[in-house]
Amino acid sequence: MTKWSMVIDLDKCVACQGCSMACRFENNTPVVSPDEAALGRSIFWNDVFPLRSEEESAIASGQAKFLTRPCMHCEDPPCTKVCPVGATYQDTEGIVRQNYTRCIGCRLCTVACPYGVRYFNWYEPTWEESLERHLTPDQIEGRAVSEGPSIRPKGVVEKCTFCVHRLFKERDRAAAEEREFRTEDFVPACVQTCTAKSRYFGDLDNPNSTVSQLAQSRRAFRLLEEAGTHPKIIYLHEG
Amino acid sequence: MGSNKSLSRRVFLKAAGGVVGASGALAVGSNLLRSLLQENDGPVYLRTSQEEEIISTVCLLCPSGCGMLGRVADGNLVKLEGNPMHPINLGALCPKGQAAPELLYNPDRLTGPLKKIGSRDSGEWEPITWDDAIRVVAGKLTQLRENGQPERAAILYGETRGQMRQFLERFMASIGSPNVISHDSLNIEAAKLGTLFTQGIYDLPVYDLENSNYILSFGANLLEAGRTPQRMVSGHSYLRQGRAVRGKVILIDPRQGITGGKADEWIPIKPGTDAALALGIAHVIIRTGRFDTDFVHNYSFGFDDFVGEDRTLHKGFKSYVLENYDPERVEMITGVPATTITRIAGEFSGNPPAIAVLPGKGGLLNGNLNGMSAAMAILSLNALVGSLETPGGVLTQRYVTCPDWPEMPNDDVAERGRQQERADGAGTLFPLGNHAYQAVADRVLDGYPIEALFLYDANPIYEAPGGGRFKDAFEKIPFIVSFATFLDESANYADLILPEPTFLERWQDDYIEGLGYPGVGLRQPVVEPLFDTMNTGDFLIRVTKEIGGSVSKAFPWDNYKSLLQERLSNIGTGWETLQELGVWLIPGYHFSRRGSERWVDEVVGKDRKKSPRDGRFDFYSRELYCLLEEKNDDLLAAMGAGVSGDELFLPHYEAVVYQGDEKEFPFVLNVVTLMSLGPYSYAANMPSLQEISGMVVGERWGSWMEMNDEYAHKLGFHDKDQVWIESPFGRLQTKLRLVKGMREDIVNIPHNQGHTAIGRWAKDRGVNGLEILNPASEPFTGLASYTNTRVKVYKA
Amino acid sequence: MVRQRTFHPENVHEESILAPIYKISSKDLLLWSGLLIILGVGAYAYFQQLISGLGVTGMNRPIYWGVYITNFVFFIGLAHSGTFISAILRLAGAEWRKPLTRAAEAITLFSLPFAVASIVADMGRPELVLNMVIYGRFQSPLIWDITAVSLYMFSSVVFFYLSLLPDIALIRDRITGIPKWQHRMYEILSLGWQGRSQQYHRLEKVLDWMAIFMTMLVVTVHTVVSWVFGMTIQPGWHTALIGPFFLLGAIYSGTAAVVIVLAILRRVYQMEEALPIDLFNSLRKLLIVFSLGWIYMMIAEFLTIFYGNIPEEMEVFWQKFTGDFSVIFWGMTILVFIIPLFILIVKGKNNIRWMVIAGVLINIGMWLERYVVIVPTETRPRLLYELAQGVYRPTWVEWAITLALFAGMILLYAIFTRFFPIIPLWETAESLEEDEQKVATRRQRIFGQRIQSRIKKEHDHANQ
Amino acid sequence: MPISELIRSFFVTSGPGGVVVVFVIVIAATIYYLLTRWILAGGGEEQDSDRFN
């Protein structure tokens with residue numbers, strides 16, 4: 001079974017926020033108004049931020065000034081545990097997904113997530129006038145299912161999905177081309193756009209994959225390891 | 001026993017049956033409920049667009065020029081990815097590039113050509129047809145030519161690499177005007193002049209970061225902004241983790257920023273003293289004899305004292321530096337401890353290949369010769385350790401070869417016009433300058449007659465220091481045409497707005513810059529132009545046809561695309577391939593051996609006009625000497641030279657002449673460009689970029705001013721206070737943010753906020769720090785003054 | 001159908017207890033309409049929220065939960081008053097509880113719907129509330145909540161109703177001069193209660209059994225409510241003490257609420273005799289115990305955190321002690337503990353007014369306590385950084401809905417007191433046993449009726 | 001299916017939790033209904049015997 005995982009090399013990362021933007025345009029997260037943004041209601045599935053000096057030592061042994069943070073796709077996610085309706089769940093390949101159709105907006109998952117990666121639609125997402133034209137047409141659908149870049153109704157929680165629609169797309173493509181799907185076919189948008197090439201993506205179950213190799217690095221660490229969530233985002237600190 | 005066993009088994013079976021039965025009941029109940037509500041789980045699948053295309057293009061949201069691949073789904077551009085073929089970005093895209101669909105589909109774009117009705121600032125427009133617009137522009141230019149005053153036409157232009165720059169120059173030349181004025185004097189001109197006066201190349205140095213061991217950045221904000229930030233980021237990544245030995249990066253800058261945060265060491269330096277520090281480092285290197293003797297003795301000029309053609313003894317770099325820049329003295333000037341200077345000098349010379357990097361915008365534009373001289377001093381460090389044209393050192397940019405432009409037809413009017421003095425005073429008022437964009441306002445106000453002004457990717461009211469003067473200057477210009485895509489500050493004052501489509505809808509080429517080897521990227525319409533816009537190239541070609549005569553003969557092309565096809569016919573591949581790949585390059589930098597023919601032709605001395613092109617790097621600038629030869633010391637002093645004699649031609653430090661008294665105005669104002677919003681005005685109207693604009697301090701959608709936190713507390717300021725920043729030229733009110741990584745004696749305001757026009761997201765948001773900068777131009781070079789304005793800060 | 005005579009216990013306070021049922025004064029109408037107006041404003045606010053989204057509240061990232069969840073926890077806490085007084089004290093055999101059981105239980109009954117309403121108000125998509133049943137996952141603490149709270153609410157209704165049964169029957173039979181529909185209501189609700197000694201016997205027995213069950217529910221419900229927080233790994237929430245702490249606080253605020261309600265009833269309905277001052281003195285003792293218990297919990301909680309000195313816990317700790325929430329935190333401590341304890345010990349004895357003041361302070365303080373448990377933790381999440389350091393300012397919508405919830409609860413309570421005896425008549429009666437003679441007379445009478453009806457039937461038949 | 005899997009799936013799959021909620025309420029309702037009937041029936045036998053005397 002594939003276990004999707006991402007390695008982020010903080011020595012390379014330059015906090016450019018290309019990942020945040022790529023994510024926005026890949027996943028149709030809305031722009032919120034300045035007032036809303038000031039309230040902290042901006043939606044960036046992948047967020048980039050400076051570490052305060054007192055945390056640098058706590059988080060990366062003092063060896064990182066900035067952090068870029070997608071969903072950790074924990075192996076033992078606290079969010080899926082508490083969801084009362086199974087709107088958020090971990091799929092068989094370890095991706096923590098979110099079904100907007102089922103979500104009731106109780107926000108228990110958002111408070112349960114220690115990484116703050118889950119976002120809530122305080123209002124109906126909107127795009128002003130012609131900006132709507134750039135929305136990605138990719139939508140994950142099914143009976144009573146809508147996931148990924150599908151336009152969210154107000155009042156539901158959304159989050160990073162490792163661009164799972166790209167995985168669907170690549171599987172469909174492989175099938176159309178009558179070949180086996182290879183793990184290399186699929187990368188999330190943030191990995192593809194990373195200006196510093198600081199992101200690696202692949203199968204953690206395959207000991208020969210880049211991510212597995214890098215996970216062995218002496219620079220490797222994970223966020224809040226003490227929380228017991230076993231994140232599948234593996235950071236490499238500087239040095 | 002047996003019976004007991006069977007009994008217990010029976011009990012167990014019953015119990016198990018009960019459990020199973022209960023679970024079964026639960027499952028059945030739940031399924032029943034769900035089927036009642038018709039909420040069965042079905043297959044989950046991906047629904048996507050009907051038709052899709054991938055079209056390559058090149059970004060224009062900063063000067064990097066990254067290759068892009070646009071995903072066009074059902075006729076809409078829905079996503080951009082980096083073009084993996086493009087060597088600048090290697091498949092990556094920064095936030096600006098990713099957000100570019102917001103530029104294309106921006107609801108505030110101009111939808112067609114407009115003509116001003118009423119007065120200059122009436123803000124009232126009426127639509128005009130393109131044919132009429134062509135007739136009006138052609139009529140105006142014809143009139144100027146008929147009056148024998150074609151030099152009264154001028155164009156201010158911004159970022160135009162590739163054919164567009166030469167095209168504009170050729171257009172104005174065919175009309176007969178020398179006034180093709182680049183905005184380079186706002187940013188990279190100081191570095192280019194510094195390179196010209198030492199290495200003899202009028203271009204920016206290229207840094208081979210990938211192979212370098214030691215990067216000493218003098219105020220170059222490598223990872224956020226500058227000439228080619230994306231290329232620097234790629235190089236930085238490789239330097240850090242792409243190879244066996246991790247390269248070291250040192251940032252010398254009063255502000256730490258992201259580059260300083262990522263650097264191994266950040267050296268806060270007193271603003272405007274980079275030259276002294278560079279020379280202090282040179283002092284240690286020379287004193288300890290750790291310089292490249294081969295280079296210094298065989299391929300440089302003016303290292304040792306020499307007797308010139310005038311038979312007098314001139315001071316050389318070595319003795320000048322040894323006499324004047326011992327680390328203790330430099331410590332007094334720069335605030336950098338002498339021990340640090342000595343250590344850095346040791347590291348820099350002891351870890352070849354090492355590079356000293358020049359700043360782009362900002363750091364060098366100090367308002368007197370200090371800035372250019374600092375560039376010379378920094379380049380001299382590279383020369384001293386022999387990093388010129390070596391792997392891991394400083395390279396020289398090469399370009400693709402294009403066929404020659406057709407010969408200009410004979411045209412007396414144009415010929416005469418081209419000989420006239422430039423509107424910006426470059427070459428006359430500013431003896432060393434090539435462009436003095438911001439000086440145009442003063443020159444016009446002083447009476448230089450411009451009768452037709454074209455603004456191509458230029459918004460001087462916003463982007464020139466003290467740009468408000470342009471409003472007054474524009475009053476004196478009877479005819480102003482803007483090619484802006486948005487109704488920006490300057491376009492507001494135009495008589496005609498002839499909107500150019502965004503870079504995602506037009507044909508244009510772009511040279512690949514920053515890797516050394518030649519290459520070209522191609523911009524092509526990713527989608528059909530959304531509005532009634534016209535490529536400025538096409539427009540001007542049609543204007544030449546309307547003017548007719550020699551002007552139209554100079555442009556034998558139907559449209560700009562065919563011009564491009566002809567100009568790019570020699571790059572080594574066909575048009576179709578270029579269009580498909582979006583880029584073509586001749587990879588692999590070919591190093592020239594020191595003293596070889598190519599060295600002389602391409603690497604050292606190529607662009608010298610008055611001094612020998614002998615392949616020698618000038619520690620003592622002969623070119624500068626020749627240019628200023630006729631001017632005596634008194635005249636030079638009157639112009640504002642802080643030093644005289646040989647010192648003027650050697651890289652030297654002279655104290656920055658600040659505007660504003662240090663006691664009254666304790667801070668130096670530093671306007672910084674961020675990765676998020678970048679340098680271009682229109683990016684401020686992209687809402688997603690506004691939303692991520694101030695990541696480092698957690699600000700979004702607006703301006704702020706950074707101040708050292710400890711010092712601010714001493715002064716009684718608190719984080720997020722509203723404050724006034726006042727310079728001798730005006731004042732602004734914004735939010736104060738306290739940060740750790742900066743010196744006490746500077747304050748920073750991020751660039752690209754405080755617009756008064758452009759669109760709903762840019763307008764009336766934050767402040768424009770450039771407004772209160774010193775508007776004066778540097779008297780020798782015509783460079784803008786970016787970093788010599790002092791300010792005071794007080795609570796609002 | 002033959003109407004049987006029903007036995008009703010004799011209660012000396014019957015008149016004063018039943019007095020409120022006779023008259024709905026203009027004051028009542030004024031109060032009710034006032035409360036209805038507040039409810040209306042709240043409904044308007046909720047309508048706004050429903051149309052635009054939860055953005056109209058002050059909640060944000062990372063403060064995803066605010067006043068609504070505070071209200072939820074607070075209402076659940078308030079609800080514990082009734083069950084505690086009537087169930088736990090019933091088990092403990094505290095006879096003095098009897099006059100105030102119903103008043104207390106009514107608080108439970110009328111708090112719980114508003115606790116549920118708080119949750120619905122907090123949901124992003126209240127229209128999908130049924131998803132919790134359709135797709136309920138038992139791993140989620142929220143489902144435990146739903147199970148426990150709905151069971152608690154249901155059981156409270158039954159417990160309350162059963163104990164009300166004899167009194168409804170009494171009103172049915174005794175009260176005249178009320179509208180017909182009202183009388184009809186009593187008839188239906190009384191389920192044909194006849195007050196046979198066996199019925200009383202069984203009623204007492206069931207109430208005793210239920211008291212045991214309700215006691216377990218009280219503990220379960222509030223613990224489960226706290227586990228919604230406790231089962232996350234957020235600093236300040238993830239502590240084993242959170243359950244008992246919530247529970248104790250709940251009982252404390254609930255008991256204080258009983259004091260307030262009793263005092264109001266006593267004053268408004270002139271029930272000085274039925275609600276003697278001794279009752280208040282007994283409650284006072286309880287409150288003193290609870291306040292001490294509460295401070296014990298506080299100290300146990302924060303001392304452990306302080307000595308553990310785990311960075312993320314300390315962030316929240318300092319937020320409360322010296323940070324953004326210090327005013328609320330210390331204010332809460334003063335309101336919940338210091339002043340009430342002083343009042344209760346020094347002033348409270350035989351002084352209902354001081355008791356009420358203490359009760360009000362405790363309840364305001366406990367609301368703040370819920371707030372200060374929930375919000376500071378969210379402002380300092382585990383993975384902290386500048387952007388995630390939230391500031392929470394509730395908006396008018398949240399306040400309007402909060403006020404409406406309280407108004408609704410008060411309204412239901414006020415209306416209830418006008419239709420049902422708020423002091424249990426049968427439980428406070430001298431005796432529930434019919435004496436032999438009375439039984440004999442009744443039997444005779446019934447026998448007589450039967451004969452008569454039979455005769456009448458035969459007579460009619462003959463006439464035909 | 002091993003029993004542990006069964007138990008696990010009870011907790012983690014969507015559906016059973018909701019069923020538990022309904023289940024608990026229904027059981028409670030039944031019990032309360034029966035109890036109420038039982039209370040009201042108290043002393044009823046003796047009355048019944050009365051009725052046909």
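Just so we're on the same page: letters track the sequence lines, and every chain starts at 1.
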Quick check: do T48(B) and Q139(A) have side-chain heavy atoms less than 4.5 Å from each other? no
Side chain to side chain contact (heavy atoms under 4.5 Å, CB included) between E128(A) and R760(B), intermediate numbers included: CA-CA 11 Å; E128(A) 278 194 40; R760(B) 65 194 73 181; 2.4 Å; yes
side-chain contact (heavy atoms from CB on, under 4.5 Å) test vs T193(A) passes for just one of N89(B), L93(B), L80(B), namely L93(B)
What part of V32(A) lies closer than 4.5 angstrom to a heavy atom of chain B: side chain, backbone, both or neither? both
Check whether any side-chain heavy atom of R97(A) lies under 4.5 Å from a side-chain heavy atom of V44(B), and answer yes or no. yes
Residue among H134(A), E132(A), E129(A) satisfying side-chain contact (heavy atoms from CB on, under 4.5 Å) with Y105(B): H134(A)
Between OG on residue S130(A) and CG on residue L104(B), distance to nearest 0.5 Å: 8.5 Å
For a quick test of reading the model, state the closest non-hydrogen atom pair linking P137(A) to A73(B) and the distance between them. CG-CB, 3.8 Å
Could you look at S33(A) and say if it's the side chain, the backbone, both or neither that has a heavy atom under 4.5 Å from chain B? backbone
Does any backbone or side-chain atom of R199(A) lie under 4.5 Å from a heavy atom of chain B? Answer side chain, backbone, both or neither. neither
Of the backbone (N, CA, C, O) and the side chain (C-beta and beyond), which part of L135(A) lies under 4.5 Å from a heavy atom of chain B, both, or neither? backbone
Mind ranking G702(B), G75(B), S688(B), P101(B) by heavy-atom pairs under 4.5 Å with chain A and telling me who comes out on top? S688(B)
Per-residue contact mode, D9(A) against chain B (heavy atom under 4.5 angstrom): side chain
Distance-minimising heavy-atom pair for Q230(B) and T195(A): OE1-CG2, 2.9 Å
First locate atom CZ of R24(A), then atom CD of E691(B), and finally report the distance between them rounded to the nearest 0.5 Å. 4.5 Å
Reported CE-to-CG distance for the pair M695(B) and D47(A), which is rounded to 0.5 angstrom: 9.5 Å
How long is the gap from OG1 on T136(A) to CZ on R71(B), to the nearest 0.5 Å? 6.0 Å
Between R240(B) and E238(A), is the closest basic N to carboxylate O distance under 4.0 Å? no
Should we say atom CD of Q50(B) is surrounded by more than 12 heavy atoms from elsewhere, each under 6.0 Å from it? no
Side chains of Q17(A) and S676(B): donor-acceptor distance under 3.5 Å anywhere? no
Just how far is it from atom CG of L131(A) to atom CH2 of W761(B), taken to the nearest 0.5 Å? 4.5 Å
Side-chain touch E36(A)/R700(B), heavy atoms, less than 4.5 angstrom: no
Do other residues, nucleotides or ligands put more than 12 heavy atoms under 6.0 Å from the CZ atom of R179(A)? yes
Salt-bridge present (E52(B), R173(A); N to O < 4.0 Å): no
As an exercise, state the distance from NZ of K79(B) to CD of E26(A), rounded to the nearest 0.5 Å. 4.5 Å
With a 4.5 angstrom heavy-atom cut-off, could you sort out which part of L167(A) is near chain B: side chain, backbone, both or neither? neither
Find out whether F25(A) and V78(B) are in side-chain contact, i.e. whether some heavy atom of one side chain is under 4.5 Å from a heavy atom of the other. no
Would R47(B) and I140(A) count as a side chain to side chain contact (heavy atoms under 4.5 Å, CB included) if you check the C-alpha gap in whole Å, the side-chain angles of each, and the deciding distance to 0.1 Å? CA-CA 6 Å; R47(B) 190 161 67 91; I140(A) 293 186; over 6 Å; no
Answer with side chain, backbone, both or neither: which region of D138(A) has an atom nearer than 4.5 Å to a non-hydrogen atom of chain B? both
Taking atom CD of E177(A) as the centre, report whether more than 12 heavy atoms of other residues, nucleotides or ligands fall under 6.0 Å from it. yes
Contact between V233(B) and C16(A) at the side-chain level, heavy atoms closer than 4.5 Å - yes or no? no
Is the closest side-chain heavy-atom distance between F49(A) and V696(B) below 4.5 Å? no
Tell me, side chain or backbone of Q256(B) under 4.5 Å from chain A's heavy atoms, or both, or neither? side chain
Indicate yes or no: does D74(B) engage R133(A) in a salt bridge with an N to O separation below 4.0 Å. no
Quick one: closest heavy-atom pair of K65(A) and G261(B), and the distance? CG-O, 3.3 Å
Side chain, backbone, both or neither: which part of Q192(A) has an atom under 4.5 Å from a heavy atom of chain B? both
Given the options C19(A), A22(A), C13(A), A38(A), which has more heavy-atom pairs under 4.5 Å with chain B than any of the others? A22(A)
Are the side chains of Y238(B) and K197(A) in contact, using a 4.5 Å heavy-atom criterion? no
Any non-hydrogen side-chain atom of F66(A) less than 4.5 Å from a side-chain atom of I258(B)? yes
Considering only heavy atoms, which portion of L674(B) lies under 4.5 Å from any heavy atom of chain A: side chain, backbone, both, or neither? neither
Residue among G242(B), S49(B), A99(B), P84(B) with most heavy-atom pairs under 4.5 Å to chain A: A99(B)
Please classify the contact between P30(A) and chain B as side chain, backbone, both or neither, with a heavy-atom cut-off of under 4.5 Å. backbone
Report, as yes or no, whether the 6.0 Å neighbourhood of atom NZ on K169(A) holds more than 12 heavy atoms from other residues, nucleotides or ligands. yes
